[in-house]
Each structure stands twice: as C-alpha cells, then as structure tokens.
There are 2 protein chains.
Amino acid sequence: MKSSNPEWVGFSLLDEENGFFPADMIYSIHTYLKNELIFRQGDICEALYVLIKGSVKTEMITENGNLLGIEIIKAPRPLAPAFLFSDNNRFPVDVTTMEAVEVLRIPKVEVIRLMTSQIDFMKQFLTHNANRTQFLTNRLQLLSIKTIKGKIAHFLLEQCNEHGQKFSINRNQTELAEFFGVARPSLARSLSEMVQEGIISITKKEYTILNNKGLRELLL
Amino acid sequence: MKSSNPEWVGFSLLDEENGFFPADMIYSIHTYLKNELIFRQGDICEALYVLIKGSVKTEMITENGNLLGIEIIKAPRPLAPAFLFSDNNRFPVDVTTMEAVEVLRIPKVEVIRLMTSQIDFMKQFLTHNANRTQFLTNRLQLLSIKTIKGKIAHFLLEQCNEHGQKFSINRNQTELAEFFGVARPSLARSLSEMVQEGIISITKKEYTILNNKGLRELLL
DNA sequence: TGGTAAGTGTAACATTTGTTACACATTATG
DNA sequence: CATAATGTGTAACAAATGTTACACTTACCA
C-alpha cells in the first residue's frame with residue numbers, strides 16, 4: 001500500500017522521443033491553476049485523464065485505505081480510470097486542484113485504439129484497474145465486519161498469511177483506527193483486551209499471533 | 001441492480017456458427033458436479049472463467065448489494081474477472097458449485113489476444129469490470145457512513161437524484177437493513193425518527209423527501 | 001540534553017446500535 | 001373468507017462503541 005502507483009509512472013515519461021506511447025497518439029494537455037474545480041460530481045467522463053503534474057483533492061477512499069474524507073492524489077496517476085468504460089460513466093466526486101496542475105487527456109476512442117495497438121498499454125490499464133478492484137474488495141470485506149475485534153482479527157490474519165506469526169506494522173494506533181474506521185481509544189481498548197485474553201502480544205509495533213484459532217473465531 | 005448481467009449473455013451463445021467469438025478461439029470447458037469446490041481462496045487465477053451453466057456460491061458481497069455472506073452466482077457470468085490482471089492474481093474466496101456446472105476457461109494470453117483482435121470483446125470486458133468497480137465504490141461509500149441515519153440519507157438522496165422527491169423502493173425493511181448492514185429494528189427506529197422530524201414521509205413503499213437540506217446534514 | 005510533540009493506556013460516561021419480544025397490520029393463499 | 005405468513009412499529013434492556021480527558025511514555029530535535 002504505497003502511495004505511488006509504479007505501473008503508471010510511464011506516463012510521466014510522456015514525450016515524443018521516449019515513446020512509451022506511439023508518436024501519433026491523440027491527446028491534449030490541460031493546465032489548471034490552484035483551487036480550480038476541474039471535475040464535478042456527475043460530469044460525464046468521456047476520456048482518460050491522467051494527472052501528470054501537481055496534485056488534486058477529492059472525496060474518496062484514500063490511497064492508503066483510510067475512510068472517505070479528502071483524498072489527495074499526486075501525479076502521476078490516472079483519475080478515476082474505472083469510470084471511463086462504465087455504463088454510467090460519470091465522475092462520482094468533485095475534483096479540485098491543490099496547486100498548478102497538468103492533466104493529460106486521451107479521448108475514449110483513442111484509448112481503445114491504443115489498447116488494441118499497444119499491448120503494454122492495455123496490460124497496464126487492465127492491471128491498474130484490477131488492482132484497484134482488488135483493493136476495493138478488500139476494503140469492503142474489512143468494513144463489512146461489524147465488531148472492532150473482528151476487523152483487527154481480519155487484518156492480523158491477513159498479515160499473518162503474508163509474514164508469519166510475527167511481524168511489524170508500520171502504522172500507529174491513530175492510523176490503524178482510521179484504517180478501520182473506528183475511534184482510537186476504542187481500538188486501544190479492543191487491542192488491550194485481545195492481549196489480556198492471550199490471543200496476541202504487542203511490543204512497540206511488533207505484533208505476534210499467539211492463538212490463530214482464537215483470532216479466527218472473532219470473525220464470527 | 002438486476003441479477004442478470006446482459007452484457008455477458010453473449011457467452012451463452014458460444015458456438016462456432018454464431019461467432020461472437022472467432023472460430024479459432026482457444027478455450028476449454030470444464031464440468032463439475034454438485035457441491036464441488038472449484039476454486040479455493042488463494043488459488044492463482046491465470047485464466048478467464050465464465051460460468052456458462054448452473055450456479056455457484058461464494059462468500060462475497062452479493063449481486064444486490066447485501067453484505068458479505070453467501071453470494072450465489074448464476075450462469076452466465078464471469079467469475080471474478082477483475083482478478084485475472086491484478087498483480088496478486090489470486091481468488092479472494094472459495095467457490096463451490098450448487099448444482100451441475102459448466103465453466104468456460106479462456107487462458108490469459110488468449111484473453112489478451114481476443115482483446116486486441118475483437119474490439120467488442122474488449123469493450124464488454126472493460127465495461128463489465130468498470131461497472132463492478134463503480135458498484136464497489138458506491139457500496140464502500142455507503143458502508144463508510146457510520147450512523148444509520150447517515151446511510152439512509154445517502155441512499156435516499158441517491159434515489160432522489162434519479163427519481164425526484166417522491167419514489168418507491170422495492171425492498172422491505174428487512175432487505176433494506178441487510179443492504180445497510182444494520183439490524184432491522186434499528187433501521188425502523190431511525191426511519192420513524194426521521195419521519196417524526198419531518199425530514200421524510202413514508203406510505204407503504206412510497207418515500208417522499210420533505211427536507212433535502214435536513215437529509216444532507218445527516219451525512220455529517 | 002532538555003523540552004516539545006507525538007503516541008499510548010485507560011477511565012468515566014454518553015450515545016448509538018443490537019437483541020429480544022410482542023402487538024398489530026398487510027398480504028398471500030387455501 | 002379465514003388463516004397463515006410476512007412485514008411493520010415499538011418498547012425494554014444489553015452491548016458495543018464513541019467521547020472526552022488526562023497521565024504517562026517514547027521519539028525527535030534545537
């Protein structure tokens with residue numbers, strides 16, 4: 001869950017000689033000043049927009065998974081690429097610039113042409129969207145769990161799968177609480193209860209799973 | 001939010017003469033009996049699987065938006081197409097047949113070839129995934145709202161946008177409660193409070209928005 | 001190294017939501 | 001039409017979580 005999306009960095013290399021894109025690609029570049037509203041919720045999205053310079057803010061789930069509030073998007077990253085091809089192709093939120101911004105615009109028909117002619121472009125596009133979907137699915141699964149201990153259990157079991165019984169988490173309690181969408185003291189209470197119950201142990205940011213079965217039971 | 005996905009029905013027409021797909025498409029068809037576990041959580045997903053006959057169940061968010069429990073998927077529908085191209089291309093859940101089932105399997109490389117050679121196929125694939133993403137985003141937004149009244153407000157404002165101040169909702173309270181992920185009596189309480197406060201009025205399944213501003217304030 | 005900011009543990013209390021139970025209304029069905 | 005099944009309103013109470021507050025620890029940095 002890094003804040004950069006390496007698969008799209010190629011966009012920042014956009015120039016005629018470097019050529020990740022064919023020289024004949026049809027596109028336009030739009031520049032905006034600070035605090036301009038560049039997309040409005042409900043606007044029809046008939047092109048692929050890529051933020052190539054600057055940053056914008058929008059109300060969505062954030063890149064690091066926090067609950068919706070203001071998300072800040074930094075270049076280079078595509079803006080809501082998932083909506084370009086949806087039946088109801090409208091922006092779900094407002095998008096406002098936070099500084100001077102450059103946006104690359106590739107019309108939908110051109111995107112389709114690129115996809116068929118440039119396999120790498122297509123793969124990157126697909127992968128980016130697939131990753132986004134996976135991310136959303138995961139978040140949805142986490143949010144659907146109703147108890148705090150359940151959320152913690154889900155999260156820890158996931159970590160456990162990846163790193164084994166003992167691992168460190170590089171978020172503090174406040175960040176974790178935001179991630180789970182709960183209040184910080186409530187999270188602390190649940191954590192300390194789980195420690196008391198001997199299910200996990202915590203030392204600084206080192207978490208150790210002591211009782212896998214116990215954790216799994218917390219998922220209901 | 002119908003349970004069929006018309007854009008994929010073309011798959012059921014799969015035969016050499018009808019030719020939505022080119023005659024030389026590489027694929028295989030797999031049949032399974034009732035109650036077979038056909039995909040396991042964590043399995044690598046290296047092909048596009050389309051359920052062409054029968055039904056399977058899986059634990060995910062349901063097609064009509066209910067919280068994760070058992071989702072039943074009926075043919076024809078692709079199975080988790082979003083994960084084929086993700087970096088971590090593993091099935092997020094177990095998939096079990098509920099009856100005799102046929103699954104069409106198209107290897108990933110073949111999917112890529114089809115996408116570049118058959119623009120319609122590509123568009124349908126993209127649209128399907130885009131719709132799915134939009135759906136997930138919407139659900140996530142709803143679930144992120146922490147109060148019941150907030151969820152109701154979000155939902156009603158959405159309906160209001162589409163159908164105006166007055167509209168009917170074809171779900172009963174129990175279904176609505178599941179949709180919101182809350183208990184039925186809690187939902188009823190919140191609804192009747194909102195009626196008392198003069199924000200909405202309800203007659204049978206006819207909902208009328210009396211105070212848009214009041215609703216919007218409930219979103220925090 | 002001392003001071004400041006950031007992070008953690010925890011307690012008392014408020015609020016929201018869930019649970020259970022039941023009366024009543026509405027709808028389907030023989 | 002009678003009866004059952006389904007849906008709705010609501011109340012009393014339980015449980016979970018949020019809120020606020022504060023003491024204490026750790027990390028940072030001037």
Side-chain angles (χ1 to χ4, degrees), chain A residues 64-69 139 142-156 167-208 210 214-215 217-220, chain B residues 64 66-69 142-156 167-208 210 214-215 217-220:
Chain A
N64 41 24
N66 288 346
L67 283 197
L68 34 85
R139 291 293 295 150
L142 188 66
L143 277 189
S144 304
I145 299 172
K146 295 195 194 97
T147 65
I148 296 185
K149 286 187 185 179
K151 290 173 204 246
I152 297 172
H154 176 93
F155 177 75
L156 291 181
F167 47 84
S168 72
I169 294 176
N170 60 347
R171 304 177 192 237
N172 61 33
Q173 277 194 1
T174 308
E175 290 166 336
L176 260 188
E178 273 171 18
F179 182 67
F180 291 141
V182 302
R184 204 270 309 165
S186 304
L187 176 66
R189 174 175 26 192
S190 295
L191 280 175
S192 72
E193 281 172 15
M194 289 166 77
V195 169
Q196 227 108 70
E197 292 159 11
I199 296 176
I200 58 175
S201 82
I202 308 176
T203 319
K204 308 250 177 148
K205 303 198 167 175
E206 285 283 320
Y207 290 67
T208 312
L210 302 175
L215 263 191
E217 279 163 9
L218 291 175
L219 298 174
L220 291 193
Chain B
N64 41 22
N66 287 347
L67 284 197
L68 32 86
L142 188 67
L143 278 187
S144 305
I145 299 171
K146 296 198 194 94
T147 65
I148 295 185
K149 286 188 185 178
K151 290 173 205 245
I152 296 172
H154 176 91
F155 178 74
L156 292 181
F167 46 84
S168 72
I169 294 177
N170 60 348
R171 305 177 192 238
N172 60 32
Q173 278 193 1
T174 308
E175 290 167 335
L176 261 188
E178 273 171 18
F179 181 67
F180 291 142
V182 303
R184 203 271 309 166
S186 304
L187 176 66
R189 175 175 28 194
S190 295
L191 279 174
S192 73
E193 282 171 14
M194 289 166 77
V195 170
Q196 226 110 69
E197 292 158 11
I199 296 176
I200 58 176
S201 81
I202 309 177
T203 317
K204 308 249 176 147
K205 302 196 167 176
E206 285 282 323
Y207 290 67
T208 312
L210 303 175
L215 265 191
E217 278 164 9
L218 290 174
L219 299 173
L220 294 192

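Values in this document were obtained by computation on a predicted structure and should not be read as measured data. Computation of the quantities below employed the complete heavy-atom set of this structure, encompassing side-chain atoms and omitting hydrogens, waters and symmetry-equivalent molecules. Throughout, a chain's letter reflects where its sequence line sits, starting with A, and its residues are numbered from 1.
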Taking only the side-chain heavy atoms of [X] (C-beta and beyond), determine which of [options] contains the nearest atom.
X: P185(B); options: dG18(C), dT26(C), dT20(C); result: dT20(C)
X: N172(A); options: dT26(D), dG7(C), dT10(C); result: dG7(C)
X: R184(B); options: dT17(D), dT26(D), dT10(D); result: dT10(D)
X: I148(B); options: dG18(C), dA21(C), dA11(C); result: dG18(C)

Provide, to the nearest angstrom, the distance between the [atom1] atom belonging to [X] and the [atom2] atom belonging to [N].
X: K146(A); N: dT17(D); atom1: NZ; atom2: P; answer: 12 Å
X: I145(B); N: dT16(C); atom1: CD1; atom2: C1'; answer: 16 Å
X: K151(B); N: dT16(C); atom1: NZ; atom2: P; answer: 15 Å
X: K204(B); N: dG9(D); atom1: NZ; atom2: P; answer: 12 Å
X: I202(A); N: dG7(C); atom1: CD1; atom2: P; answer: 16 Å
X: E178(B); N: dG7(D); atom1: CD; atom2: P; answer: 11 Å
X: E193(B); N: dT15(C); atom1: CD; atom2: P; answer: 13 Å
X: F180(A); N: dG18(D); atom1: CZ; atom2: P; answer: 12 Å

Give a yes/no on whether any side-chain N or O of [X] is located under 4.0 angstrom from OP1 or OP2 of [N].
X: S186(B); N: dG18(C); answer: yes
X: Q173(A); N: dA6(C); answer: no
X: K205(B); N: dT8(D); answer: no

> More 5' along DNA chain D: L187(A) or Q196(B), using each one's nearest nucleotide?
Replying inline: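 Nearer the 5' end of the strand: Q196(B).
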>> Parallel, tilted or perpendicular: which one describes the rings of F180(B) and F155(B), with boundaries at 30° and 60°?
In response: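 Rings of F180(B) and F155(B): perpendicular, as their planes differ by over 60°.
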Do the side chain of [X] and the main chain of [Y] share a donor and acceptor less than 3.5 angstrom apart?
X: T203(A); Y: E206(A); value: no
X: R139(A); Y: F179(A); value: yes
X: E175(A); Y: N172(A); value: yes

>> Quick one, I152(A) and L218(A) - any side-chain contact, counting heavy atoms below 4.5 Å?
In response: no
> Could a donor-acceptor pair under 3.5 angstrom be found where the side chain of R189(A) meets the base of dG18(D)?
Replying inline: yes
> For T147(B), which contact category applies under a 4.0 Å heavy-atom criterion: base, sugar-phosphate, or nothing?
Replying inline: sugar-phosphate
